[in-house]
Amino acid sequence: YGGLDKTYIFTPTVTGPHTISMTCTIDSDAGIMLYQGCPFSPSAVCVAFSQGTSGLNRTMAPVLTAGLTYYLVVDNFPAPAFIASYELSISAPAACEVPTGLVVSDRTATSADLAWVAPIAGTPDTYDWEIRTTGAGGSGETGRAAFGSTTAPTVTVDNAAGLTGSTSYNLYVRTNCSGGAGSSNWA
């Protein structure tokens, strides 16, 4: 635009959609641009931008990669050559959250139907489940009677087979998230 630019450099710690917002108090012609690589270099890649000549809010939600360095440029038209006052925020994607509402139904001597409620935040990719006589979810083979995995977020039910009658079991389920968010704790 020809006005005074300010550049902020940051490196995200998680991969996924980040919300980047700028709110100005009076300058309606400001913009924000996000680059991978120094924005003053010919090899820089513009990842996202939000510019305009009306309104005081600019927002974008690019998918960023953990460990890469990004440059956020705040820009304004030449008159005035600077933005009087603004607030910037960068929000990382939601963490991988624990499923809730675990239910065991239709039990027989050797099988049971399993169900749970998907978390409302995060980006579920798959769910792991374990049926155990002893030990916590994910604690290894000892005490694990059955285990499996389902595709998230659409499948939140499965069937555990190979169980033994008159045995007490505990159900554990965890969410595995995409975008580098990892896995949740076991519920």
Side-chain angles (χ1 to χ4, degrees), residues 1-100 116-129 137-138 149-156 172-187:
Y1 286 132
L4 181 64
D5 295 346
K6 287 191 177 183
T7 304
Y8 299 90
I9 302 170
F10 70 98
T11 304
T13 57
V14 295
T15 297
H18 288 62
T19 302
I20 302 173
S21 299
M22 178 178 72
T23 302
C24 299
T25 54
I26 58 172
D27 296 304
S28 62
D29 54 3
I32 52 177
M33 291 80 56
L34 183 67
Y35 293 90
Q36 185 179 345
C38 179
F40 311 109
S41 163
S43 62
V45 174
C46 182
V47 175
F49 65 92
S50 180
Q51 298 173 305
T53 56
S54 63
L56 299 174
N57 299 312
R58 303 286 180 261
T59 301
M60 55 189 172
V63 174
L64 305 182
T65 303
L68 292 181
T69 300
Y70 294 89
Y71 296 77
L72 180 64
V73 177
V74 176
D75 193 18
N76 200 37
F77 277 116
F82 61 91
I83 302 171
S85 176
Y86 62 90
E87 288 185 21
L88 280 176
S89 70
I90 301 174
S91 302
C96 198
E97 292 192 5
V98 176
T100 59
W116 54 90
V117 177
I120 57 173
T123 52
D125 190 36
T126 63
Y127 297 104
D128 294 330
W129 59 264
S149 183
T150 67
T151 304
T154 56
V155 179
T156 57
Y172 296 91
V173 181
R174 75 173 176 182
T175 308
N176 301 308
C177 293
S178 59
S183 297
S184 73
N185 292 327
W186 288 89

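- Put simply, the side chain of F10 reaches to within 4.5 Å of the side chain of I20, judged on heavy atoms.
- Residues T175 and C96 come closest through the heavy atom pair O-SG, 3.3 Å.
- Between the CG atom of N176 and the CG atom of D125 there is a distance of 7.5 Å, given to the nearest 0.5 Å.
- The salt bridge (Lys or Arg N to Asp or Glu O under 4.0 Å) test applied to R174 returns D128, not counting sequence neighbours.
- For V98, the side chain to side chain contact (heavy atoms under 4.5 Å, CB included) test picks out S184, N185, A187, with sequence neighbours left out.
- Within the 4.5 Å cutoff, the side chain of P39 has no heavy atoms near those of the M33 side chain.
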Indicate every side-chain donor-acceptor pair of residues 57-67 with a distance under 3.5 Å to a residue at least two apart or in another chain.
unit_1: N57; atom_1: OD1; unit_2: T23; atom_2: OG1; d: 3.1
unit_1: R58; atom_1: NE; unit_2: A30; atom_2: O; d: 2.8
unit_1: R58; atom_1: NH1; unit_2: S54; atom_2: O; d: 3.3
unit_1: R58; atom_1: NH2; unit_2: S28; atom_2: O; d: 2.8
unit_1: R58; atom_1: NH2; unit_2: A30; atom_2: O; d: 3.4
unit_1: R58; atom_1: NH2; unit_2: G52; atom_2: O; d: 3.2
unit_1: R58; atom_1: NH2; unit_2: S54; atom_2: O; d: 3.3
unit_1: T59; atom_1: OG1; unit_2: S21; atom_2: OG; d: 3.4

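- With sequence neighbours excluded, the residues forming a side-chain hydrogen bond (donor to acceptor under 3.5 Å, both in side chains) with S41 are S43, listed by chain and number.
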Pair D75-F49, side chain to side chain contact (heavy atoms under 4.5 Å, CB included): steps then yes or no: CA-CA 11 Å; D75 193 18; F49 65 92; over 6 Å; no
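- T7 contributes atom OG1, which lies 9.5 Å from atom OH of Y71 (distance to the nearest 0.5 angstrom).
- A distance of 11.0 Å separates CD in Q36 from SG in C46, rounded to the nearest 0.5 Å.
- Between atom OG of residue S183 and atom OH of residue Y127 there is a gap of 12.0 Å, rounded to the nearest 0.5 Å.
- Rounding to the nearest 0.5 Å places OH of Y172 at 15.5 Å from CH2 of W116.
- The side chain to side chain contact (heavy atoms under 4.5 Å, CB included) search around Y8 returns K6, L72, V74, Y86, L88, not counting sequence neighbours.
- The backbone N or O of I32 lies less than 3.5 Å from no partner atom in the side chain of S50, so there is not a single donor-acceptor pair.
- When the side chain to side chain contact (heavy atoms under 4.5 Å, CB included) test is applied to T11, the partners found at least two apart in sequence or on another chain are T69.
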